[in-house]
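Since this is a predicted model, take the numbers as computed values, not measurements.
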Amino acid sequence: MIRRHFFLAAAILILVLMVVAGGWKLTIGKKQGPGGPPGAAMAAQKGGGAPRGGGGMGGPAPVNLVPAQSKTFTDAIDVIGVAKGRQSVTLTAATTQLVERVRFTDGQSVAKGQVLVELKSTEQSAGSAQAQARLVQAQRDYDRWKQLAAQGYASKTALDQREATYLAAKADVEAARARESDRMVRAPFSGVMGLSDIAPGMLINPGVAIVTLDDISAVRVDFEVPDRYLASVRQGQPLVARIDAYPGETIQGRIQTLDTRIDERTRAFTARAEFPNPGGKLKPGMMMRISIARGQRDVVAAPEAALSVQGDTAFVYVVKRDGDRSVAEQRAVLTGARQNGLVEIREGLQVGEQIVADGLNKIQPGQPVRVQAAAGAREAAADTQPGARSPRPGA
């Protein structure tokens with residue numbers, strides 16, 4: 001019984017302490033006020049409230065201007081082709097034989113008919129000598145019987161037999177010489193030798209490549225052109241080619257000939273162009289980017305760096321005066337061809353309008369700008385600050 005009364009008294013004591021603590025907290029809070037402790041309230045009163053943030057676009061953005069220009073663009077057909085020599089061949093042997101002598105070096109310029117490789121020809125030389133001996137004997141017999149027939153001592157039939165023997169011996173000599181000539185690999189045209197691993201003593205079989213020979217005094221390029229451009233392409237037409245190996249350089253050439261047929265699967269025809277190659281800079285196998293001019297037209301153009309692309313839409317920032325300041329206006333444009341770092345503007349921009357040349361990621365539509373330079377239009381390079389003078393171009 002005593003223990004029960006003890007626990008009841010303890011519970012009542014705890015409850016009283018909780019009520020007293022709550023009342024004390026409430027009293028302290030009223031003294032501090034709703035804004036927090038007195039020190040914080042005084043600081044708020046002195047500071048004039050919460051600090052002000054920049055929530056705007058900031059000050060004028062420094063920009064360079066360039067005017068939209070009227071430029072002459074060349075409509076062209078752009079295709080890709082692979083260069084090859086005017087004449088190219090891979091030399092092989094006509095028979096199986098050992099190499100006796102190599103008479104060229106890698107990269108050497110050779111003339112037409114020059115002997116490049118000699119194969120072993122001991123047997124063929126002997127056969128040629130035998131055929132030549134039989135020809136000499138047959139010719140003597142034929143000449144003797146011809147004299148006898150002229151004197152009436154030989155019949156026409158006997159003379160005809162000796163003549164046939166002589167002609168057969170003559171043909172045998174030509175055949176023997178041809179077999180002997182097969183042991184000589186000659187240059188079929190003038191050109192430059194490629195790389196080769198052939199050496200004396202090596203066994204050569206028919207069809208096995210010995211060395212390549214290319215006539216690179218000029219290069220030819222075959223390329224495909226869609227048939228819708230058939231009326232724009234003609235034999236002898238000039239064209240221009242660019243090569244990745246020589247950036248910034250252009251090579252002038254002409255269309256040599258056009259194929260007589262159009263591929264019914266691709267609806268394209270093959271054209272062959274020829275480019276002079278006096279310095280040997282062009283190599284067979286090079287990829288060439290060919291441009292065929294179709295005509296010229298005057299268009300409104302802007303630098304590529306002045307365009308901003310968002311999704312499928314292209315924009316430029318046109319700078320206009322708004323009272324005493326310059327403001328960047330974002331304007332959608334319709335673009336066309338690209339040439340030499342310029343973009344054709346088909347719609348949305350007029351010649352002479354000032355546009356931001358670079359730094360488009362730092363500008364927001366409607367933001368004031370501070371003009372640093374104006375290419376071709378100094379009067380548009382006005383400072384956005386009231387009463388300020390226009391800076392000098394290029395400042």
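Nearest heavy-atom pair across Ala169 and Ala138 is CB-CB, 3.9 Å. Here the shortest heavy-atom pairing between Leu258 and Ala271 reads CD2-CB, 3.6 Å. Closest approach of Phe315 to Gln330, counting heavy atoms only: CD2-CG, 3.6 Å. Residue Leu282 comes nearest to Pro276 through the heavy atom pair CD1-O, 4.2 Å, listed as atom of the first residue, atom of the second, then distance. Shortest non-hydrogen contact noted between Pro238 and Arg254 is CD-NH1, 3.7 Å. For the residue pair Asn277 and Val219, the shortest heavy atom distance occurs at ND2-CG1, 4.1 Å.
With sequence neighbours excluded, the residues that form a side-chain contact (heavy atoms from CB on, under 4.5 Å) with Asp263 are Arg265, Thr266. For Val300, the side-chain contact (heavy atoms from CB on, under 4.5 Å) partners are Ala68, Ile345, Val351, not counting sequence neighbours. Taking the side chain to side chain donor-acceptor pair (under 3.5 Å) definition, one finds that Asp197 meets it with nothing, sequence neighbours left out. Applying the ring pair (Phe, Tyr, Trp, His ring centres under 6.0 Å) rule to Phe104 yields no partners; only residues at least two apart in sequence or on another chain are considered. For the side chain to side chain donor-acceptor pair (under 3.5 Å) test, residues two or more places apart in sequence or in another chain that qualify with Asp141 are Gln137, Arg144. By the side chain to side chain donor-acceptor pair (under 3.5 Å) test, Thr335 is found to be paired with no residue, residues two or more places apart in sequence or in another chain being considered. For Ser109, the side-chain contact (heavy atoms from CB on, under 4.5 Å) criterion is met by Val192, not counting sequence neighbours. Judged as a salt bridge (charged side-chain N to carboxylate O under 4.0 Å, His left out), and not counting sequence neighbours, the contacts of Glu353 are Arg331. For the side chain to side chain donor-acceptor pair (under 3.5 Å) test, no residue two or more places apart in sequence or in another chain qualifies with Ser190.
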Please determine whether salt bridge (charged side-chain N to carboxylate O under 4.0 Å, His left out) holds for the pair Lys84 and Asp214, giving the CA-CA distance in whole Å, both sets of side-chain angles, and the decisive distance to 0.1 Å. CA-CA 9 Å; Lys84 57 184 178 182; Asp214 295 290; over 6 Å; no

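Just one residue in the list Val221, Ile255, Ile251 forms a side chain to side chain contact (heavy atoms under 4.5 Å, CB included) with Ile290, and that residue is Val221.
Among residues at least two apart or in separate chains, salt bridge (charged side-chain N to carboxylate O under 4.0 Å, His left out) pairs with a member in residues 278-305 are Asp75-Arg297, Asp244-Arg289, Glu249-Lys281, Arg297-Glu344, Glu304-Arg338. Sequence neighbours left out, the pairs with a member in residues 146-203 that pass ring pair (Phe, Tyr, Trp, His ring centres under 6.0 Å) are Tyr142-Tyr166.
One distance of note links CD1 of Ile355 with CD of Glu329; it measures 12.5 Å at 0.5 Å rounding. Here the CD-CG distance, from Glu174 to Leu135, works out to 9.0 Å after rounding to the nearest 0.5 Å. Distance check, rounded to the nearest 0.5 Å: CD of Glu100 to CD of Glu118 gives 6.5 Å. Atom CG in Leu167 sits 11.0 Å away from atom CG in Asp172 (nearest 0.5 Å). Rounding to the nearest 0.5 Å gives a distance of 7.5 Å between CD of Gln237 and CD1 of Ile77. With values rounded to the nearest 0.5 angstrom, Ile292 atom CD1 is found 9.0 Å from Ser232 atom OG.
With hydrogens and angles disregarded, no donor-acceptor distance shorter than 3.5 Å links the side chain of Gln161 to the backbone of Ala158. Judged purely by atom type and a 3.5 angstrom limit, Thr313 has no side-chain atom pairing as donor or acceptor with the backbone of Val309.
Within a 6.0 Å radius of CD in Glu347, other residues, nucleotides and ligands contribute 12 heavy atoms or fewer. Around atom CZ of Arg140, no more than 12 heavy atoms belonging to other residues, nucleotides or ligands sit under 6.0 Å away. Atom CD of Gln252 has more than 12 neighbouring heavy atoms from other residues, nucleotides or ligands inside a 6.0 Å radius.
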Donor-acceptor contacts, no H, no angles, side chain residues 223-231, under 3.5 Å, sequence neighbours left out:
unit_1 : atom_1 : unit_2 : atom_2 : d
Glu224 : OE2    : Thr270 : OG1    : 2.8

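The shortest side-chain heavy-atom distance between Gln108 and Gln114 falls under the 4.5 Å cut-off.
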